[in-house]
Amino acid sequence: MLLPVHILWELISLFKMVKLIKNIKMKNFIYKCGFLLILMLTACSDPLELEPESSITASNFFNTDSDFRVYANQFYDYFPREGRGFADFIWTADNDSDNQIAQNDGNIFAFGANTINDNPPSYGGGGWDFGNIRSVNFFLDNIETSVLSEEAKNRWRAEGRFFRAYLYFDKVRKYGDVPWFDTAISEASPEVYKARDSRATVIANIMADIDFAIDNLPQEIGNKEYIDFYVAHALRARVALYEGTHRKYHETGESFGELLTQAAESAKVIMDEGGYALHTEGGPTNSFYNYFSLPLPGTSSETILARHFSTDLGVTHWSQRFIVGQAMTGFSKSLADDFLCTDGLPVSLSPLFDEATDYDFIEVEMANRDPRMSQSIWNKGDLRLAGPDEYFNEDNDRVPPFNSTWPSGYGIKKFSNTDREFQVPGAADDGVYVFRLGEIYLIYAEAKAELGTLTQSDLDISINLLRDRVGMPHMPLMGLVRDPSSDFDGSIPEIPAVSILIDEIRRERRVELAAEGMRRDDIVRWKAGQLLAQTPLGIKFNPDVYPNAVNEPFARTNADGFVEPYQGTSRTRQFDEDKNYLYPIPPSQIGLYPNGELKQNPGWE
């Protein structure tokens, strides 16, 4: 059964009306409704009578730049977002790492408790599902048959290949070897069940896609809601650093130097563009926090790419309602301890911190520390919303909450916005960045350090700019002292030891990017999985500060008096070096392959 022509053209007209709407999120919404409706109505016929997708879209839709723009808008939904319901908040993305402590039994991936049937969608592509990649390839296939000029075709090829690279990077991080598809093959094709391509092959294809995007995307800073030349370089830097260090520390035998060089080169391209600069509004004591509370992060000079939302267009989320009311997660003591003191020394070495007494009160623990700590973690006296009409803890000097929904005592302040209009359930429309300059500085410094070519000048144009923003002492190239509490000094046999310089760069990355969803990836690429096997701790429990928590299950402590949120739970924290660096492939997918072409990842058999 084919759609009546008048209905088909009404739906296509819906597509073309989208270009009149400026907000990208509404474009995505309208696009998806119309496009899916066409597919659904067409699919109502007998399968033998089903008209191929291309006979509808290629001949009647993919004709102009506007048509390709409308179709490509859906790809932007593959980026991280603030949750549209009660999950997927960007600030919960570190729950699967040692940075955060999720309530109740915690995150199964942080515990190493996931099974072969657990296949998390996560951001950007959804487990073993290749549907999004097929959508991109369908887009690319239709470019070839369009009547656009070659220049216009290259522009849209660049956009499609960027997103294919972005999605495949997600697959490689999860599963290692994956099948590479560069065309939208039919579900009936035997190629659907091809064997996996090697990780190295897929990475090479990813880098080729990104390089094509760099050569053909707009070469200037755009509106920061669509990808451009600099966004492609940001992705190139991120992928190259990840895979270069992964190859190095997992000793795969694959070359890693070229990738690390590419990471540094792409980072430097962005750093040299005068239109980007760190967000400094608010000065050292507020600018870091202020950046992450911006309603429209794309307006900041620090942002390379952002996602914006709109109450007027009905594209909103619940993020602010939860982060200030019942976060159901919190930072760990491990992360809190990594914030340096204001003299530039770690708490284990600085005379400004007394480990015997300064943990007793959070306002004392956070005094004389890197200002990013008090801009990332709720401190005593911070104004907090409990509901639409009142602030809580007024009778206790607004001590940060510690209870079953604030399980660690280190409440996440970063990404919050206490403006009351954002607290209305489902009404928040503050945006979120996708790529920012702060990450680029860290990529540059780490890549150069791993190559052994980092200079003091390199530090001064990267990490030390991050420190300048918050008034911290510069990181010196020489004279650094090893933190006695370091996890990267060889004291944990399974974790490769690194130089003091790389150790400190990793610390800088951790505190700068906390709650941004990058910590687990860092742990994986550094081959530091045993960090996830350590018992996570929260604040030092002080019954005088939290009298209502005495004898509560969430307030159990270890022998030193620090909150141990998972004490008494049924799960044992573990990390199997032979399997937990990759996710298992769902058995239901393996069973679809007629000749056993798809094999389970090691350790998950």
Side-chain angles (χ1 to χ4, degrees), residues 86 89 91-92 94-95 98-107 110-111 320-337 339 347 353-367 369 373-374 376-387 389-416 418 423 514-515 534-573:
F86 300 96
F89 304 130
W91 44 269
T92 65
D94 271 353
N95 278 349
D98 61 341
N99 272 1
Q100 290 179 207
I101 297 174
Q103 73 173 155
N104 300 327
D105 286 344
N107 182 284
F111 269 80
Q320 295 305 328
R321 178 67 170 177
F322 278 87
I323 195 170
V324 301
Q326 48 179 348
M328 297 178 286
T329 185
F331 286 132
S332 65
K333 177 180 181 292
S334 170
L335 171 62
D337 281 347
F339 287 92
V347 293
F353 193 85
D354 186 341
E355 295 184 84
T357 61
D358 287 357
Y359 286 116
D360 292 345
F361 299 92
I362 194 165
E363 67 270 23
V364 177
E365 180 181 354
M366 294 173 69
R369 302 289 291 278
M373 185 177 192
S374 61
S376 300
I377 302 173
W378 293 110
N379 199 358
K380 181 177 179 179
D382 283 338
L383 206 54
R384 303 288 319 293
L385 264 177
D389 300 315
E390 77 279 353
Y391 291 98
F392 63 79
N393 291 322
E394 292 289 353
D395 59 347
N396 198 19
D397 298 321
R398 296 197 301 276
V399 171
F402 170 55
N403 52 48
S404 60
T405 58
W406 300 90
S408 74
Y410 293 113
I412 299 174
K413 179 178 180 180
K414 187 176 181 179
F415 287 107
S416 70
T418 55
Q423 312 311 320
Q534 297 178 358
T535 300
L537 301 174
I539 59 170
K540 190 168 186 180
F541 181 61
N542 187 332
D544 293 331
V545 177
Y546 297 106
N548 294 334
V550 174
N551 296 324
E552 291 287 345
F554 62 80
R556 296 185 181 106
T557 64
N558 68 2
D560 296 320
F562 291 95
V563 170
E564 190 176 324
Y566 303 131
Q567 188 183 119
T569 62
S570 59
R571 286 189 184 140
T572 300
R573 205 168 181 93

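We number each residue from 1, following the sequence as shown. In this text the structure is predicted, and so the values were computed from the model without any measurement.
- Annotation: side chain of T557 is not in contact with side chain of E564 (no heavy-atom distance under 4.5 Å).
- Between P565 and G538 the shortest heavy-atom distance is CD-N, 4.3 Å.
- At a threshold of 4.5 Å between non-hydrogen side-chain atoms, the residues F353 and E355 count as touching.
- Using a distance-only test at 3.5 Å, with no hydrogens or angles considered, no donor-acceptor pair links the side chain of K414 to the main chain of A515.
- Heavy atoms only, all atoms of each residue included: M373 and M366 are closest at O-CE, 3.6 Å.
- Using modelled atom types, no side-chain atom of K380 and backbone atom of I362 make a donor-acceptor pair closer than 3.5 Å.
- In this structure, N95 contributes its side chain and Q100 its backbone to no donor-acceptor pair below 3.5 Å.
- Closest non-hydrogen pair, A555 versus A549, comes out as CB-O, 3.3 Å.
- Formation of a donor-acceptor pair under 3.5 Å by the N558 side chain with backbone atoms of F562 is found in this model.
- When all heavy atoms are compared, the tightest approach of D382 to I377 is OD2-O, 4.2 Å.
- F402 pairs in a ring pair (Phe, Tyr, Trp, His ring centres under 6.0 Å) with only one of the listed residues (W378, Y546, Y410), which is Y546.
- Interatomic distance, W406 CH2 to I412 CD1, rounded to the nearest 0.5 Å: 8.0 Å.
- Atoms CG and CG, on D360 and N542 in that order, are 6.0 Å from each other to the nearest 0.5 Å.
- In this structure, V550 and F541 have side chains that are in contact, with non-hydrogen atoms separated by less than 4.5 Å.
- Side-chain atoms of Q103 come within 3.5 Å of backbone atoms of S404 as a donor-acceptor pair (strictly under, hydrogens ignored).
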Run Q534 and D98 through side-chain contact (heavy atoms from CB on, under 4.5 Å) and show every step you take. CA-CA 8 Å; Q534 297 178 358; D98 61 341; 5.9 Å; no
Let me see the working for I101 and Y566 under side-chain contact (heavy atoms from CB on, under 4.5 Å), right down to the final yes or no. CA-CA 9 Å; I101 297 174; Y566 303 131; 3.3 Å; yes
Going through the checks in order, is the side-chain contact (heavy atoms from CB on, under 4.5 Å) test met by N403 and E552? CA-CA 9 Å; N403 52 48; E552 291 287 345; over 6 Å; no
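- Put simply, OG on S376 and CZ on F415 are 9.5 Å apart, with the number rounded to the nearest 0.5 Å.
- Counting only heavy atoms from C-beta outward, the side chains of V347 and E365 never approach each other to under 4.5 Å.
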Passes side-chain contact (heavy atoms from CB on, under 4.5 Å), R573 versus T535? Steps please. CA-CA 7 Å; R573 205 168 181 93; T535 300; 5.7 Å; no
